[in-house]
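Structure below; questions to follow.
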Amino acid sequence: MRTPEHQAHDRDAADPGHRHLFHVPPADGGRYPEVAYLAGNSLGLQPRATRGELLADLDAWARLGVEGHLDAARPWLPYHELLTGPAARLVGARPAEVVVMNSLTVDLHLLMVSFYRPAGRRTRIVIEDTAFPSDSYAVRSQARFHGLDPDATVVRLTPRPGEDTLRTADVCDFLAAEGDTVALVLLGGVNYLTGELLDIPAITAAGRAAGAVVGWDLAHAAGNVPLALHDWDVDFAAWCSYKYLNAGPGALAGVFVHERHLGDPHLPRFEGWWSTEAATRFEMTPVSRPPATVEAWQISNPPILAMGPVRTSLEIFDAVGMPVLRERSLRLTGWLEHLLDEVTADRPLTVVTPRDPARRGCQLSVRIAGASAAELAKRLRYEHGVIADAREPDVVRFAPVPLYSTYHDCWRVADALAATVEGATS
Ligand SMILES: Cc1ncc(COP(=O)(O)O)c(C=O)c1O
Ligand SMILES: Nc1ccccc1C(=O)C[C@H](N)C(=O)O
């Protein structure tokens, strides 16, 4: 008789993913040599290729000094262009619509400079009540920047009473009813807390039909779910590269601006010398000549050593492809869900992530009633070598990442929960 643990190993043999491309943290004791890493939704693991690629860029600087701008094997002046193609393919965009620069919240601000333009009664910004706090702080500070009261300006969408996630129809109904007061819709594509994947095309269409601008924070969506930002007519989007994109702590963010906005001379933008046409950059003239691409939103010359890990990571996504990853993601997360259903049945644990695989990425969030999530996560970590992530007061998030997580990791989650959380019958 194959035990559930054997079954997990069988599944791993049949559906191995690309774990060999990554460093998996060692467990330092316990039954297994490696931790069960379920926190790729917070910080992705390091690709094995990153160190060598980074050292090559460092060596170019050592050997060439300033001449590396033009003479490095990967010259620094156009270095960011190496990231554009793969980043555009990742999010379903045209190359002119995507650039990698800055950090996520900084980019959201720069995009709001262009796309949050309150006028008349159309002043409001719509976010989710469970938006990541950085986004909430960002939009509230944008309201204040325009002399508006953030409490009156920011609308926080909440699930129906007794429900944990938003319904697409409710969001669209709100936009149909009150959209004439909305200047900007800025939602998380995949919610950081619940793991809910919103219906990005439907909500984008509803927001735009109501006359609002629609932007997306794709921190938890990029590299997690297939995206088609251009075809979905999204106005703008931004995402970080340190979660599913595995480009390292604080890694650079990606930005998308839809083609229809590119080259628009009436759109306000903050500029620096990287906002001008590359060919004119060294003319040192006082007036910029911005290109008709999203590169017009760049301001400073980019950090080459930070771009290397993004480039390395995007090469993996390009080689494997999001459709293949999504297929494995559906199998892996479905397996975790199946195991969680068994372990949660008689315990004070509830999966709050939508049950429909089309409405989620790889993350499953579990609510624990009457106990601290942080306490639970600590026990999972130190008693079972399971690295998950607690969001106070009561949610623990598990993300089996299709590039490197295993079915056995999922089994370890369920096994650890069974051992840690007392059941009604135990
Ligand atoms: C949805 C979301 N938005 C914004 C951020 C903040 O990003 P950054 O620190 O790169 O600005 C995070 C995570 O850190 C996030 O999950
Ligand atoms: N950058 C960090 C630094 C320290 C601790 C967490 C983060 C996160 O990114 C949290 C992330 N937004 C999340 O949803 O888990």
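As the structure lists them, so they are numbered: ligands from 1, and atoms in each ligand from 1.
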Worksheet item: For the atom pair CZ (Phe22) and OG (Ser313), what is the distance rounded to the nearest 0.5 Å?
Response: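 Between Phe22 CZ and Ser313 OG, I get 7.0 Å after rounding to 0.5 Å.
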Item to complete: Look up atom 10 (C) of ligand 2 and tell me if a protein heavy atom lies less than 4.0 Å from it?
Response: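 Yes; the ligand atom in question has protein heavy-atom contact below 4.0 Å.
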Practice prompt. Could you tell me whether the side chain of Asp15 reaches within less than 4.5 Å of the side chain of Arg328, counting heavy atoms only?
Written response: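 Answer yes - side chains close enough.
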Worksheet item: Between the side chains of Trp216 and Thr204, does any donor sit under 3.5 Å from an acceptor?
Response: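 Their side chains do contain a donor-acceptor pair, which is all the 3.5 Å distance test asks for.
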Practice prompt. Classify the contact between Arg391 and ligand 2 as side chain, backbone, both or neither, using a heavy-atom distance cut-off of under 4.0 Å.
Written response: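 Side chain only; the backbone of Arg391 stays clear of ligand 2.
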Worksheet item: Between Tyr192 and ligand 1, is there a nitrogen or oxygen pair with a distance under 3.5 Å?
Response: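 No: no nitrogen or oxygen of Tyr192 is under 3.5 Å from one in ligand 1.
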Worksheet item: Which ligand 1 atoms does His220 reach within 4.0 Å, using its non-hydrogen atoms?
Response: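 It comes down to these atoms of ligand 1: 1 (C), 16 (O).
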Worksheet item: Does atom CH2 of Trp61 have more than 12 heavy-atom neighbours from other groups under 6.0 Å away?
Response: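 No - once you tally the heavy atoms of other residues, nucleotides and ligands closer than 6.0 Å, there are 12 at most.
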Discussion item. How far is atom 11 (O) of ligand 1 from the closest protein heavy atom, and which atom is that?
Written reply: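 For this ligand atom, the closest protein heavy atom is Thr105 OG1, 2.5 Å.
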Worksheet item: Against heavy atoms of His220, which atoms of ligand 2 measure under 4.0 Å?
Response: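 Matching atoms, with element in brackets: 13 (C), 14 (O).
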Practice prompt. Return the residue, atom name and 0.1 Å-rounded distance of the protein heavy atom closest to atom 2 (C) of ligand 2.
Written response: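 Its nearest protein heavy-atom neighbour is Tyr242 CE1, 4.9 Å.
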Discussion item. Quick check: His146 with Tyr116 (ring centres under 6.0 Å apart)?
Written reply: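 They qualify: ring centres under 6.0 Å apart.
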Discussion item. Can you confirm if the aromatic rings of Phe115 and His261 lie within a centre distance of less than 6.0 Å?
Written reply: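 Under 6.0 Å, so yes.
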Worksheet entry | Contact atoms of ligand 2, heavy-atom distance to Arg397 under 4.0 Å |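 Those of ligand 2 that fall under 4.0 Å from Arg397 are 13 (C), 14 (O), 15 (O).
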Discussion item. If you scan the protein for heavy atoms around atom 5 (C) of ligand 2, do you find one that is closer than 4.0 Å?
Written reply: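 So far as the 4.0 Å threshold goes, atom 5 (C) of ligand 2 is out of reach of every protein heavy atom.
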Worksheet entry | Separation between CD of Glu128 and CG of Leu187, rounded to the nearest 0.5 Å |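 Taking CD in Glu128 and CG in Leu187, the distance rounds to 5.0 Å.
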Fill in: Interfacing atoms of ligand 1 (cut-off 4.0 Å, heavy-atom, Ala219)
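The list of qualifying atoms is 1 (C), 2 (C), 15 (C), 16 (O).
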Discussion item. Would you compute the distance between atom CG of Asp409 and atom CZ of Phe398 and round it to the nearest 0.5 angstrom?
Written reply: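 One finds 12.0 Å between CG of Asp409 and CZ of Phe398.
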Discussion item. Please list, in number order, the atoms of ligand 2 under 4.0 Å from a heavy atom of Lys243.
Written reply: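 Answer, ordered by atom number: 8 (C), 9 (O), 10 (C), 11 (C), 12 (N), 13 (C), 14 (O), 15 (O).
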Worksheet item: Who's the nearest protein heavy-atom neighbour of atom 1 (C) of ligand 1, and how far?
Response: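 Checking every protein heavy atom, the shortest distance to atom 1 (C) of ligand 1 gives Asp217 OD2, 3.3 Å.
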Item to complete: Identify the protein heavy atom lying closest to atom 7 (O) of ligand 1, giving its residue, its atom name and the separation to 0.1 Å.
Response: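 Residue, atom and distance for the closest contact: Tyr242 OH, 2.9 Å.
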Worksheet item: Against heavy atoms of Lys243, which atoms of ligand 1 measure under 4.0 Å?
Response: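 Once the distances to Lys243 are compared, the set is 13 (C), 16 (O).
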Worksheet item: Does Arg144 use its side chain to pair, donor to acceptor, with the backbone of Asp149 at less than 3.5 Å?
Response: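 Here the side-chain-to-backbone pair does not exist.
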Worksheet item: Is the centre of the His220 ring less than 6.0 Å from the centre of the Phe132 ring?
Response: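 When the ring centroids of His220 and Phe132 are compared, they turn out to be at least 6.0 Å apart.
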Worksheet entry | Nearest-contact summary for atom 7 (C) of ligand 2 - protein heavy atom, Å |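 Of every protein heavy atom, Ser42 OG, 4.3 Å lies nearest to atom 7 (C) of ligand 2.
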Discussion item. Would Asp135 count as a polar contact of ligand 1, with the cut-off being nitrogen or oxygen pairs under 3.5 Å?
Written reply: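 Yes: some nitrogen or oxygen of Asp135 is under 3.5 Å from one in ligand 1.
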